[in-house]
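The structure appears right after this line, and notes come after that.
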Amino acid sequence: MRLEERINTYYSKLSKTDFAISNFIISNKSKVITMSVDEIATVVFVSSASVVRFAKKLDFSGFSELKYFLKEEIDVHVRHDETSTDLLKKDVEETTNLVTQTNLQPICQCIKEADRVFSYGTDWGERVSSEYLVRNFMVTDVFIHSVPSLTEMNWLIDKMNPTDLVIIFSYSGERSPLKTIISQLKVRNIPVVAITPLSNNFLSSEATYRLYYKSSQLKQDPNGLKEYNFFTTLNLLTEYLFRYYYDNFVH
């Protein structure tokens with residue numbers, strides 16, 4: 001289990017201070033294993049006790065055990081010269097583990113009971129997966145409204161109500177327009193399902209429900225001009241969600 005997965009497991013126990021600490025650790029894993037509790041506390045602007053409490057909330061005996069766990073994770077990564085197919089296999093396995101450890105019952109119950117369900121993807125790959133979800137649910141007589149872009153989402157928000165449900169696909173979960181959308185939905189008490197890669201991001205932290213998948217980037221080209229984001233595991237996650245609904249809510 002990676003640190004990100006452990007954070008997801010204990011997500012409900014974490015405070016805003018804990019998320020600030022986790023953000024720093026996740027972004028600076030190699031550096032953190034050489035830092036003291038006091039050094040991390042200074043950088044994150046929290047107390048040393050907060051750093052120790054964060055480690056204990058993740059079921060470590062203390063921060064030293066968290067650092068040892070982190071060092072083992074980094075060492076495993078360094079030892080393996082992974083090919084792109086190795087990464088794909090690992091991503092599929094980790095995504096399967098994530099979704100099977102998630103209670104899909106309340107999400108599917110909300111889909112079933114909602115007056116209207118809206119699905120929105122923030123970019124090309126996310127929109128493709130959103131359409132995939134919409135198509136699959138037609139089999140169950142659940143007709144999900146596909147929102148094609150930010151413009152239409154802004155049109156629709158004023159017409160939504162708390163008996164609706166919004167499903168949002170986002171690779172980063174951090175874009176500024178997304179933060180505005182979430183704020184408006186929260187003001188209207190409209191439930192949101194966030195579907196993002198496994199990370200501590202704004203969308204997931206603010207959503208009513210959250211689903212995660214694992215997506216590793218391939219090595220960038222020599223000039224550093226291209227970024228490869230693949231969505232096989234995102235489609236796998238949406239397939240799991242559909243099949244769980246089909247198995248448990250279609251009579």
Side-chain angles (χ1 to χ4, degrees), residues 88 91-92 94-96 98-100 102 104 106-161 163-182 184-185 190-199 201-204 206-218 227-250:
L88 176 60
D91 284 353
V92 169
E94 291 191 24
T95 298
T96 301
L98 284 168
V99 70
T100 54
T102 300
L104 299 178
I107 299 174
C108 290
Q109 189 71 42
C110 195
I111 291 173
K112 183 175 181 63
E113 295 178 354
D115 287 342
R116 297 174 299 178
V117 181
F118 299 90
S119 183
Y120 169 61
T122 58
D123 212 332
W124 180 87
E126 293 90 335
R127 287 194 292 272
V128 170
S129 295
S130 174
E131 292 292 345
Y132 182 60
L133 183 73
V134 170
R135 177 186 180 276
N136 276 358
F137 267 88
M138 289 179 184
V139 176
T140 69
D141 292 335
V142 174
F143 300 105
I144 301 176
H145 301 269
S146 178
V147 183
S149 75
L150 179 64
T151 298
E152 287 79 9
M153 176 59 79
N154 286 325
W155 289 349
L156 289 167
I157 286 179
D158 289 339
K159 301 174 178 64
M160 293 180 185
N161 57 65
T163 58
D164 295 328
L165 173 68
V166 178
I167 302 172
I168 300 179
F169 296 74
S170 175
Y171 187 79
S172 70
E174 295 289 350
R175 293 186 175 183
S176 295
L178 191 58
K179 295 181 179 182
T180 302
I181 288 171
I182 293 300
Q184 293 181 61
L185 292 173
I190 299 165
V192 174
V193 178
I195 300 181
T196 71
L198 179 62
S199 66
N201 59 78
F202 173 82
L203 175 58
S204 293
E206 296 294 317
T208 316
Y209 309 102
R210 55 198 62 86
L211 292 171
Y212 294 110
Y213 63 97
K214 182 68 171 61
S215 180
S216 298
Q217 292 183 5
L218 304 186
E227 184 180 80
Y228 300 92
N229 300 325
F230 291 107
F231 298 91
T232 300
T233 47
L234 173 54
N235 290 332
L236 175 63
L237 172 58
T238 59
E239 184 74 21
Y240 262 100
L241 178 61
F242 159 70
R243 287 177 182 254
Y244 183 93
Y245 188 95
Y246 186 86
D247 289 342
N248 295 278
F249 289 86
V250 177

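Just so you know, these numbers use all the heavy atoms, side chains as well, and skip hydrogens, waters and symmetry mates.
Between Ile190 atom CD1 and Leu165 atom CG the span is 10.0 Å, to the nearest 0.5 Å. Note that OG1 of Thr238 is 10.0 Å distant from CG of Leu211, once rounded to the nearest 0.5 Å. The structure places CD1 of Ile195 at 6.5 Å from CG of Leu241, a figure rounded to the nearest 0.5 Å. Atoms CD1 and OG1, on Ile107 and Thr102 in that order, are 7.5 Å from each other to the nearest 0.5 Å. Atoms CD1 and CD1, on Ile157 and Ile182 in that order, are 8.5 Å from each other to the nearest 0.5 Å.
Not counting sequence neighbours, Asp247 has no partner by the side chain to side chain donor-acceptor pair (under 3.5 Å) test. With sequence neighbours excluded, the residues satisfying side chain to side chain donor-acceptor pair (under 3.5 Å) with Ser129 are Asn235. Evaluation of the side chain to side chain donor-acceptor pair (under 3.5 Å) rule for Thr196 yields Asn201, Ser204 as partners, not counting sequence neighbours. Checked against side chain to side chain donor-acceptor pair (under 3.5 Å), Glu94 has no partners two or more places apart in sequence or in another chain. With sequence neighbours excluded, no residue forms a ring-ring contact (aromatic ring centres under 6.0 Å, His included) with Tyr120.
Met153 is listed as a side-chain neighbour of Val166, based on a closest heavy-atom distance under 4.5 Å. Taking the side chain as every heavy atom from C-beta outward, Tyr209 and Ile167 never approach each other to under 4.5 Å. With contacts defined as side-chain heavy-atom distances shorter than 4.5 Å, the pair Val99/Leu104 qualifies. Using a 4.5 Å heavy-atom threshold, the side chains of Tyr171 and Phe231 count as touching. Put simply, the side chain of Val117 does not reach to within 4.5 Å of the side chain of His145, judged on heavy atoms. Between Leu98 and Tyr213 the shortest side-chain heavy-atom distance does not fall below 4.5 Å.
Under the salt bridge (charged side-chain N to carboxylate O under 4.0 Å, His left out) criterion, no residue pair touches residues 128-153, with sequence neighbours excluded.
The backbone N or O of Thr233 lies less than 3.5 Å from no partner atom in the side chain of Thr95, so there is not a single donor-acceptor pair.
The ring of Tyr245 has its center closer than 6.0 angstrom to the ring center of Phe137.
Note: Tyr244 and Phe249 have tilted aromatic rings, judged against thresholds of 30 and 60 degrees for the angle between ring planes.
Checking each of Val142, Val134, Asn136 against Met138 for a side-chain contact (heavy atoms from CB on, under 4.5 Å) leaves exactly one that passes, namely Val134.
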